[in-house]
Amino acid sequence: MKLHCDKKNMPSSNIPHIVLQSSLSHHKMPVIGFGTASTSSTIDTKEAMLEAIKVGYRHFDTASIYGSEQSLGEAINEALQLNLIASRDELFITSKLWCTDNFPHQVLPAIHKTLQSLRLEYLDLYLIHWPISVKPGTWDYPYPEEALTSFDLKGVWQAMEECQKQGLTKFIGVSNFSCHKLENLLSFATIPPSVNQVEMNPTWQQKKLREYCQAKGIIITAYSPLGAPGALWGSNYVVDNELLKQIAKAHGKSFAQVSLRWLYEIGVTIVVKSYNKERMKQNIEIFDWALSKDDYDKIAQIEQHQLCKNGPAIFIENLYDGEN
């Protein structure tokens, strides 16, 4: 799927946009978002987000479980005071419903809490984070089997649709949904999901899911586009891949830029996270060059490794049903 890029009124960062469409509205989303999930307590998240705005990022991806919503809200407020942005409307903000709130009666309170933490009146995109529900209580993480209960997808999605109808979010979507789970959702959804955010990179290419989402008009956003090295769920599969290094050397680019460019060229939007200023810049310097057919042939040969097989629960068999 080729992304529809709105070249008119491009932001100073020159990050292209795609247009999200639903029965209620249409809206522009930058194709690269800045991720805010962090396993480190030593990093000043607010300062990193401010720096990202200065560099040119306008799409920010957070979630209630990340613990970064408040910091992002503070960064947005400070960016407005510093005139780094003219209005909140210049930003595209995504957040997510966590498994402990994955119940029909909890969705509206959860999004109101998220908006309060962010100091915002609306989100641009609200996602179901994982297709599982966790019982109330204090549980170890990853969640044990006894923590999980049945997931009422239809009831939860109806509540998500209500969030959009009330103007609390402009669009709704899902994360970590397989083709099978999307098929189930589409069988009853009045407002179909605009986005499915999933693990995707050259070492986990998910061709079947990409083809399914393209056919259904669902935009894919790739998380862990560089394999999330250093994260609890991450690996060095992308970082250490020799084929990616060869391609990068031929183009005078980094392995990260090759991975991100590949995702962009195959029609996928991206959430990338680095709190390093130089890498922040490099990660969005991917729009003035292109990969060759030979590059694509090499990337197609890369051995596949899935990182998030079980998601937030320790016992669930592969949530993606073995799809790639």
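Numbering of residues begins at 1 and proceeds along the displayed sequence.
In this structure, Arg210 contributes its side chain and Gln205 its backbone to a donor-acceptor pair below 3.5 Å. Between the side chain of Gln257 and the backbone N or O of Gln282, at least one donor-acceptor pair lies under 3.5 Å. Put simply, the side chain of Asn283 gets close to the backbone of Arg279: a donor and an acceptor are under 3.5 Å apart.
Note on ring orientation: taking the six-membered ring where Trp is involved, the planes of Phe34 and Tyr275 are parallel (angle under 30°, cut-offs 30° and 60°). Between His105 and Phe103, the ring planes are tilted. Angles from 30° to 60° get that label.
More than 12 heavy atoms of other shown residues, nucleotides or ligands fall within 6.0 angstrom of atom NZ in Lys135. Within a 6.0 Å radius of CD in Glu47, more than 12 heavy atoms belonging to other residues, nucleotides or ligands are found. Atom CD of Glu162 is surrounded by more than 12 heavy atoms from other residues, nucleotides or ligands within 6.0 Å.
Ser68 and Thr36 share a donor-acceptor pair across their side chains, judged by distance under 3.5 Å alone. Thr269 and Thr221 are linked by a side-chain donor-acceptor pair at a separation below 3.5 angstrom, with hydrogens and angles left out of the test.
Electrostatic pairing of Lys245 and Glu242 counts as a salt bridge here, judged by a charged N lying under 4.0 Å from a carboxylate O. Using a cutoff of 4.0 Å between basic side-chain nitrogens and carboxylate oxygens, Lys281 and Glu285 are not scored as salt-bridged.
Between Ile128 and Trp157, some side-chain heavy-atom pair lies under the 4.5 Å cut-off. Under the 4.5 Å side-chain criterion, counting only non-hydrogen atoms from C-beta, Ser117 is not in contact with Thr114. Put simply, the side chain of Leu226 does not reach to within 4.5 Å of the side chain of Val239, judged on heavy atoms. Residues Pro225 and Ser259 are not in side-chain contact: their nearest non-hydrogen atoms beyond the backbone lie 4.5 Å or more apart. Between Val238 and Trp204 the shortest side-chain heavy-atom distance does not fall below 4.5 Å. Leu209 has its side chain within reach of Asn196: a pair of non-hydrogen atoms, C-beta onward, lies under 4.5 Å apart. You'll find the side chain of Leu118 stays beyond 4.5 Å of the side chain of Phe60, heavy atoms only. Considering only heavy atoms from C-beta on, Ile270 stays 4.5 Å or farther from Val31 through its side chain.
Exactly one residue among Leu125, Thr190, Ile172 makes a side chain to side chain contact (heavy atoms under 4.5 Å, CB included) with Gln164. That residue is Ile172. Tested against Asp124 for a salt bridge (charged side-chain N to carboxylate O under 4.0 Å, His left out), the candidates Lys28, Lys170, Arg88, Arg58 yield a single pass: Arg88.
Val271 and Phe255 fall into different hydrophobic clusters, where Ile, Leu, Val, Met, Phe, Trp and Tyr side chains are chained together by heavy-atom contacts under 4.5 Å.
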Would Tyr143 and Asp140 count as a side chain to side chain contact (heavy atoms under 4.5 Å, CB included) if you check the C-alpha gap in whole Å, the side-chain angles of each, and the deciding distance to 0.1 Å? CA-CA 6 Å; Tyr143 298 118; Asp140 291 333; over 6 Å; no
Taking distance alone, no hydrogens or angles, what donor-acceptor pairs closer than 3.5 Å link side-chain atoms of residues 89-97 to residues at least two apart or in another chain?
| residue | atom | partner | partner atom | Å |
| --- | --- | --- | --- | --- |
| Asp89 | OD1 | Tyr122 | OH | 2.6 |
| Glu90 | OE2 | Ala86 | N | 2.8 |
| Thr94 | OG1 | His59 | NE2 | 3.2 |
| Ser95 | OG | Glu69 | OE2 | 2.6 |
| Lys96 | NZ | Asp61 | OD1 | 2.6 |
| Lys96 | NZ | Asp61 | OD2 | 3.2 |
| Lys96 | NZ | Thr62 | O | 2.9 |
| Lys96 | NZ | Tyr66 | OH | 3.3 |

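With sequence neighbours left out, the side chain to side chain donor-acceptor pair (under 3.5 Å) criterion links Trp139 to no other residue.
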